Amino acid sequence: MKKSVTFALGLALTAGLAACGQQGETSKPAEDAAAPAKDVGAMAMLAETRHGKGTGSVTAIDTAAGEVTLDHGAIAELDWPAMTMGFAAPQKLLEGLAVGDRVSFELDWNGKAGTITRIEKMK
Ligand SMILES: [Cu+2]
């Protein structure tokens, strides 16, 4: 009995550490760090990489570092609600994008971090 409780706690902690949006969340970072449970339930942490598609707007971008933060809508493939979060992205894909642009994008999610595989400005 005690063993299973410990195991469950370990899972919860792991899920918390891997919570999507942890890096890029712009709203109330202190509160998010203390209570990431809202997103953890929706984002099952799987070891394999999953692919998702979404739309959103660019809220921050660092082309040289290969980082972009998107305020994105729900992503059905990943069971994600809408949120603001950071992604890694090849520099080449970020060229020509700017804060405020509306974009459609695709990403690979490895359970801890997302990498943009396609991102295009929408008219
Ligand atoms: Cu997210």
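The structure presented is a predicted model; accordingly, all values stated were derived computationally and were not measured.
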Can you measure from [atom1] ([X]) to [atom2] ([Y]) and round to the nearest 0.5 angstrom?
X: Leu107; Y: Arg50; atom1: CG; atom2: CZ; value: 10.0 Å
X: Ile116; Y: Leu97; atom1: CD1; atom2: CG; value: 10.0 Å
X: Phe105; Y: Arg118; atom1: CZ; atom2: CZ; value: 9.5 Å
X: Asp71; Y: Met83; atom1: CG; atom2: CE; value: 10.5 Å
X: Thr63; Y: Lys92; atom1: OG1; atom2: NZ; value: 13.5 Å
X: Asp101; Y: Thr59; atom1: CG; atom2: OG1; value: 11.5 Å

>> Applying side-chain hydrogen bond (donor to acceptor under 3.5 Å, both in side chains), can you list everything that pairs with Asp62, at least two apart in sequence or on another chain?
In response: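 None.
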
Looking only at heavy atoms, what is the nearest atom pair of [X] and [Y], with distance?
X: Val68; Y: Ala89; answer: CG1-CB, 4.3 Å
X: Ser104; Y: Met122; answer: N-CG, 3.6 Å
X: Gly52; Y: Ile75; answer: CA-CG2, 4.0 Å

> Can a donor-acceptor pair be found between the side chains of His51 and Glu106 at a distance below 3.5 Å?
Replying inline: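 Indeed, the side chains of His51 and Glu106 share at least one donor-acceptor pair under 3.5 Å.
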
> Should the pair Trp109 and Trp80 be assigned to parallel (<30°), tilted (30 to 60°) or perpendicular (>60°) ring geometry?
Replying inline: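 Ring orientation, 0 to 90° scale: perpendicular.
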
